[in-house]
Protein chains: 2
Amino acid sequence: MPEQTAANRPTLEAVAARAGVSRATASRVVNGGAGVRQPLVDKVRAAVDELGYVPNHAARSLVTRRHGAVAVIIAEPEFRVFSDPFFAQQLRGISRELTSRDVQLVLLWVEDESDHGRIARYLAGGHVDGAIAFSLHGDDRLPTLITESKVPAVLGGRPGTETGPTLPYVDTDNRGGAREAVRHLVSLGRRSIAHIAGPGDQTSALDRIAGYHDVLIDPDPELLREGHFTEESGARAMAELLDRRPDVDGVFVANDLMALGALRVLRERGLRVPQDVAVVGFDDMEAVVRASDPALTTVRQDVEGLGRLSVKLLVKLLNRPAGHVPASVIMPTTLIRRASA
Amino acid sequence: MPEQTAANRPTLEAVAARAGVSRATASRVVNGGAGVRQPLVDKVRAAVDELGYVPNHAARSLVTRRHGAVAVIIAEPEFRVFSDPFFAQQLRGISRELTSRDVQLVLLWVEDESDHGRIARYLAGGHVDGAIAFSLHGDDRLPTLITESKVPAVLGGRPGTETGPTLPYVDTDNRGGAREAVRHLVSLGRRSIAHIAGPGDQTSALDRIAGYHDVLIDPDPELLREGHFTEESGARAMAELLDRRPDVDGVFVANDLMALGALRVLRERGLRVPQDVAVVGFDDMEAVVRASDPALTTVRQDVEGLGRLSVKLLVKLLNRPAGHVPASVIMPTTLIRRASA
DNA sequence: CGCCGTGTTGAAAGCGCTCTCATGTCACGA
DNA sequence: TCGTGACATGAGAGCGCTTTCAACACGGCG
């Protein structure tokens with residue numbers, strides 16, 4: 001491969017000349033070689049190798065109107081992205097899946113509403129073939145914005161109370177997973193089963209509450225407490241719970257991190273887990289589960305799989321017969337039984 | 001702004017026609033309007049607004065050979081990205097700084113050496129104006145790869161034992177910060193000062209060790225223990241330390257997370273901090289520091305600033321007079337005095 | 001009054017590629 | 001032998017933009 005800088009890259013023209021074919025034929029070979037006879041294919045391939053030819057993406061996009069790139073929009077205030085592996089893991093799933101399709105990932109990090117204009121402009125600018133937005137909160141205007149930009153897009157996580165045309169989404173079966181967790185506690189013979197929920201502006205938290213209510217009809221409101229998905233808020237919720245309902249013998253906690261806090265408080269109060277109080281978490285986050293004592297029984301969700309799935313859904317959307325929007329996808333959960341329940 | 005899909009976007013031609021000027025003049029206005037008289041500037045601006053014109057990036061790149069995009073290469077095995085806010089924070093700094101310059105961020109996540117080919121191809125493909133790679137380990141071939149791709153690039157963090165042409169980098173003053181930490185312990189009158197270091201394949205860990213040695217000439221090797229930057233490894237190192245050198249009265253721990261583990265062990269052993277053993281961490285990671293008891297004295301590094309700085313350095317590199325490579329940049333640290341030392 | 005420099009505008013080339021369409025080739029059947 | 005259809009190939013248009021260069025207008029100066 002000859003020495004070359006960004007400036008003097010060989011063009012398809014050069015490849016064609018070297019291979020003794022037309023630019024059109026060279027182009028066909030570079031794009032798969034369909035409809036070109038083998039000897040010519042070989043010649044062109046050889047020329048490509050010898051010259052170190054790499055197609056010019058801008059030129060290609062100009063004519064194909066495709067970009068081989070997808071925007072990933074993270075709308076999340078700083079603290080959550082940092083405290084929660086959830087995002088990194090989902091992003092990794094997306095990254096892997098895009099990579100395997102040879103599609104680039106353009107990261108758009110939205111800090112607040114003041115960024116909306118920029119995002120809208122970028123999407124409308126037609127720089128990407130599609131978009132994946134994840135982590136949306138109840139009142140987020142982002143889905144509307146994205147819809148208006150006309151860029152094919154999917155959401156990671158069920159959107160909130162958006163009206164208007166909705167985008168397809170992927171999500172974990174939060175409600176079903178919660179049901180399974182609570183049913184498990186019931187099957188252990190627990191009578192006073194509490195729920196430490198996540199923040200009410202996130203659909204995942206709401207869905208888990210719904211699952212709790214699916215199984216336990218009309219529970220004492222004191223048994224339902226809200227945390228912020230952090231260890232500390234889980235501890236606080238557990239403490240309050242014990243103060244008001246000392247008879248509690250089972251707790252379904254909306255995520256593992258809060259469950260960790262709950263376990264700590266139970267330990268501090270001298271209560272045995274699972275004998276006195278059985279605890280079930282949600283997520284099956286490796287680092288957290290490993291740190292827990294006793295080992296945490298929890299509802300596993302495949303976060304990386306969620307990321308991958310969002311890409312698959314987007315791809316389906318991009319290849320759809322015009323006007324047909326694919327259905328949203330819900331990923332199943334698995335109850336992982338360990339020592340805590 | 002008229003209804004439009006990705007397909008029927010107005011072109012510069014349309015804007016020019018509507019404004020009653022040539023395409024060339026319209027282009028000048030769109031790109032700042034230098035050398036065009038005010039009345040025409042206004043007319044073109046109006047036409048742009050009325051038509052909702054957005055320049056076609058591919059067409060522009062094709063002629064300017066610039067892309068308005070930078071690749072950010074994360075080379076890190078899964079577990080660290082997740083356990084350590086360091087990366088998200090640095091990424092956010094980069095994202096913010098690029099956004100403010102209207103440059104897009106293309107994320108390339110490198111899992112292992114098998115991805116190197118793909119990365120090299122992408123960089124050589126000339127899709128981006130520059131690259132920022134961060135989190136490199138001692139034997140990483142990535143810098144070489146990047147250098148060979150001829151794409152202007154900077155590194156986040158001092159690279160390891162690479163030979164050959166090195167890329168400019170940004171890094172925290174790990175050595176200076178470590179010196180400051182150890183000097184502080186000395187100033188407190190501590191006599192047996194230990195160091196719990198990070199893994200030996202990372203330059204940041206090595207530099208902090210060097211800083212420790214700068215202050216303490218020829219310390220007992222037993223006072224130096226290695227961890228993996230995790231809470232647990234910090235605890236283990238502290239336990240070993242106490243077993244072998246029960247006289248230890250000061251510890252400089254290479255990061256806050258390990259310091260947290262060290263504090264836990266000290267507490268478990270009934271030792272008072274700082275009275276019996278003074279502890280200094282490194283990073284000043286908010287979430288960790290908040291969880292520590294007593295409040296952790298630590299060396300603050302501005303991680304987000306590091307990310308921003310890497311962008312600034314790259315910009316300098318891109319605008320350099322040919323052949324002139326800007327110098328690497330080291331960011332200063334600050335000792336934050338709290339209760340633990 | 002003519003010339004020249006300065007500043008503004010437009011015509012047109014061309015960035016590197018894809019893709020349509022016309023042309024050519026070849027095997028086969030009539 | 002010739003026509004025919006299937007397939008392979010090349011010529012060339014054109015994607016939307018920037019940028020050079022020529023043309024032109026205008027004012028000041030000799």
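A, B, ... follow the sequence lines: proteins, then strands. Residue 1 opens every chain.
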Quick one: A:Leu62 CG to C:dG14 P, roughly how many Å, whole number? 17 Å

Taking OP1 and OP2 of D:dG10, is either one under 4.0 Å from a side-chain nitrogen or oxygen of A:Ser22? yes

Roughly how many Å is it from CG in B:Asn31 to P in D:dT20, rounded to a whole number? 13 Å

CG/A:Asp102: more than 12 non-hydrogen atoms of other groups inside 6.0 Å: no

Looking at B:Glu13 and B:Arg23, does any basic side-chain N land under 4.0 Å from a carboxylate oxygen? yes

In whole angstroms, how far is the C1' atom of C:dG16 from the OH atom of A:Tyr53? 7 Å

Option from B:Leu107, B:Ile132, B:Val303 for which side chain to side chain contact (heavy atoms under 4.5 Å, CB included) with B:Leu91 holds: B:Leu107

In this structure, how many angstroms lie between the P atom of D:dA25 and the CZ atom of B:Arg37, rounded? 11 Å

Check the distance between D:dG12's P and A:Arg28's CZ and give it to me in whole angstrom. 15 Å

Report the distance from atom CG of A:Asn56 to atom C1' of C:dC15, rounded to the nearest whole Å. 8 Å

Would you mind classifying the nucleic acid contact of A:Val21 as base, sugar-phosphate or nothing, using non-hydrogen atoms under 4.0 angstrom? sugar-phosphate

If you check the A:Ala24 side chain, which of D:dG16, D:dG12, C:dT18 turns out closest? D:dG12

D:dC15 P sits how many Å from A:Arg60 CZ, rounded? 19 Å

Starting at NE2 of A:His57 and ending at P of C:dC15, how long is that distance when rounded to a whole Å? 20 Å

Output yes when at least one side-chain N/O atom of B:Thr25 is less than 4.0 Å from OP1 or OP2 of C:dG10, else no. yes

If you find the nucleotide of DNA chain C closest to A:Ser27 and the one closest to B:Arg23, which residue's nucleotide is nearer the 5' end? B:Arg23

Testing C:dC19, D:dC17, C:dC15 for proximity to the side chain of A:Arg66, the answer is C:dC19

Could A:Arg118 and A:Asp115 be called an ion pair, given the rule that one side-chain N must be under 4.0 Å from one carboxylate O? yes

More than 12 foreign heavy atoms under 6.0 Å from CZ of A:Arg66: is that the case here? no

